[in-house]
Amino acid sequence: MILIVAPYSGTLPENSPFLAGAKKIRTIIKILKSFDDNVVLLNSGYSHDNNQLMQEIVDFDGVGAVKIITPSARNNSRLKLLVNLINSKKIIDDVVSIHGIPNVVWCYNGYAFEMRVAAYLRKKYRVKTILEFEDWHFARRRLFNPKPYLDWIFWRLAIRQLDYGIVVNGKLADKLANHNIKSVMLPGIVSPHVSVLPNKFPPFKNKNTIVGYFGGLSSEKGADKILRLVEDLDVNANFIVTGTGELQGVFKLLAKKMPDRLKYLGAVSEWDLIAAIAQVDVIINPHVANDGIFPFKIIEALGSGRLLISTKLPMHGYESYVEAIQFYDGSYSNLVFMINSAADIYKNKKNTINRVAEIAHDNFGQENLNNIIGNLLQVLNTHEL
């Protein structure tokens with residue numbers, strides 16, 4: 001049995017500002033399911049209101065039954081993390097009593113509860129542990145939010161119990177290497193349906209430039225800049241936007257006000273997302289990321305063969321992708337210039353963009369990920385680490 005600990009509800013489409021993370025969790029579960037039919041998801045998410053431990057079996061995204069266990073919690077309670085940490089031993093023992101001792105525990109990110117589960121299972125049952133390290137604890141501005149500090153403390157307590165890491169960039173690989181933990185990079189996943197887009201639906205085939213934004217609708221992610229671009233008639237483009245978040249109401253209203261200019265699709269299925277990507281010429285990443293983050297959607301954007309216009313990115317470990325990206329300096333005026341010049345930029349970068357799309361598919365397509373994860377599970381199970 002493989003136990004994956006992650007904040008995920010198992011519902012599709014995700015009505016969440018963290019769509020890319022949910023998609024990545026789904027894909028990882030599908031890959032794990034191909035190696036062990038008995039996959040159990042211990043859900044550490046917040047979108048539940050239950051006064052006792054919940055158990056359900058879900059036909060998970062077409063790959064068969066996945067058992068989901070959700071600890072008791074009040075809906076969106078800020079105390080849920082603390083309550084789960086206090087009750088973590090009982091929660092883990094309940095999972096073991098119901099489903100047995102897992103062969104491997106896969107933890108999504110270095111969150112406090114996930115790290116508590118990994119450390120406890122490693123110490124008590126010698127279960128091999130994998131950390132899917134998605135971002136550094138202090139990579140985002142949280143002001144006085146204590147959660148990053150709590151997560152970091154439990155990560156430090158668990159670090160000696162971890163066997164292997166899956167990381168989003170070289171900086172996080174270095175942090176694990178400092179503790180003698182090997183890792184492999186997995187910044188995102190390129191669906192085979194995305195990989196065919198450069199040839200099947202090449203960009204810039206029509207007169208009007210279409211710009212896509214596919215991410216969380218918050219100012220932190222830079223979605224407010226998309227709203228400004230839509231309203232700015234000096235920007236020679238139309239827009240397609242997916243996702244949810246604090247600004248989704250504004251996007252809905254603007255799409256009604258300017259239907260020929262903005263198509264807002266909300267939370268979409270993976271198929272609808274791919275269909276949206278196929279319609280655009282340019283994908284924008286206005287999210288300002290530091291060294292502890294690598295936005296999931298970057299690899300998918302590169303794999304689609306579209307022109308990617310982005311803020312500066314932490315490219316440690318991804319140097320071969322740099323030339324395909326059109327970076328802008330973070331200013332609104334420079335972003336407008338890049339969009340208005342997009343057709344010419346794409347013409348000059350076309351060969352590089354298509355070459356990098358192939359590299360992204362080869363490195364992060366599902367076939368290669370199956371091989372990477374399969375080999376890792378085999379090594380863990382044969383105790384060769």
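Both backbone and side-chain heavy atoms feed into the values below; hydrogens, waters and symmetry mates do not. Start at 1 with the first residue, then count along the sequence.
Separation of the Phe239 and Tyr264 ring centroids does not fall under the 6.0 Å cut-off. Taking the six-membered ring for Trp and the full ring otherwise, the centers of Trp106 and Tyr164 sit at least 6.0 Å from each other.
Side-chain contact between Leu197 and Arg306 is present, with at least one heavy-atom pair separated by less than 4.5 Å.
Shown here are the side-chain hydrogen bond (donor to acceptor under 3.5 Å, both in side chains) partners of His99, two or more places apart in sequence or in another chain: there are none. Scored by the side-chain contact (heavy atoms from CB on, under 4.5 Å) test, Asp232 finds Asp234, Val235, Tyr332, Val336 as partners (sequence neighbours excluded). For the ring pair (Phe, Tyr, Trp, His ring centres under 6.0 Å) test, no residue two or more places apart in sequence or in another chain qualifies with Phe113.
A donor atom on one side chain and an acceptor atom on the other are found under 3.5 Å apart for Asn109 and Asp135. Side-chain contact of Lys350 with Tyr346: a donor-acceptor pair under 3.5 Å is absent, judged by distance alone. With 3.5 Å as the limit, one finds no donor-acceptor pair spanning the side chains of Tyr328 and Asn285. Side chains of Glu114 and Ser44: a donor-acceptor N/O pair is present below 3.5 angstrom, by distance only.
Relative orientation of the Phe133 and His137 rings is tilted, given thresholds of 30° and 60° on the angle between their planes. Ring orientation note: the planes of His179 and Trp155 are nearly perpendicular, at an angle over 60° on the 30°/60° scale.
Residue Glu367 places its CD atom among 12 or fewer non-hydrogen atoms of other residues, nucleotides or ligands, all under 6.0 Å distant. At most 12 non-hydrogen atoms from other residues, nucleotides or ligands lie less than 6.0 angstrom from NZ of Lys263. More than 12 heavy atoms of other residues, nucleotides or ligands sit less than 6.0 Å from atom OH of Tyr125. Sparse packing is recorded around CD of Glu323, with 12 or fewer heavy atoms of other residues, nucleotides or ligands lying under 6.0 Å away.
Contact between Tyr321 and Val356 at its shortest, heavy atoms only, is CD2-CG1, 3.4 Å. The two residues Ser183 and Ala173 have their closest heavy-atom pair at OG-CB, 3.5 Å. The two residues Val211 and Ile339 come nearest to each other via the heavy atoms CG2-CG2, 4.0 Å.
Looking at Lys24 and Glu134, a side-chain N of the basic residue comes within less than 4.0 Å of a carboxylate O on the acidic one, giving a salt bridge. A salt bridge links Asp163 with Arg122; the closest basic N to acidic carboxylate O contact falls under 4.0 Å. Salt-bridge check for Asp93 with Lys89: failed, with every basic side-chain N at 4.0 Å or more from each acidic carboxylate O. Ion pairing between Asp37 and Lys33 holds under the 4.0 Å rule for side-chain N and carboxylate O.
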- Task: With ring pair (Phe, Tyr, Trp, His ring centres under 6.0 Å) as the test, would you mind laying out the steps for Tyr149 and Phe138 before giving the verdict?
- Result: CA-CA 8 Å; Tyr149 299 93; Phe138 307 110; 5.1 Å; yes
- Query: Between Arg228 and Asp224, does a salt bridge (charged side-chain N to carboxylate O under 4.0 Å, His left out) hold up when you go through it step by step?
  - Reply: CA-CA 7 Å; Arg228 185 177 176 184; Asp224 55 327; over 6 Å; no
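Note that CD1 of Ile325 is 11.5 Å distant from CD1 of Ile283, once rounded to the nearest 0.5 Å.
In this structure, Lys175 is positioned above the aromatic face of Trp136, its NZ or CZ under 6.0 Å from the six-membered ring centre and within 45° of the axis.
Follow the hydrophobic side-chain contacts under 4.5 Å out from Phe201 and you never reach Val196; the two are in separate clusters.
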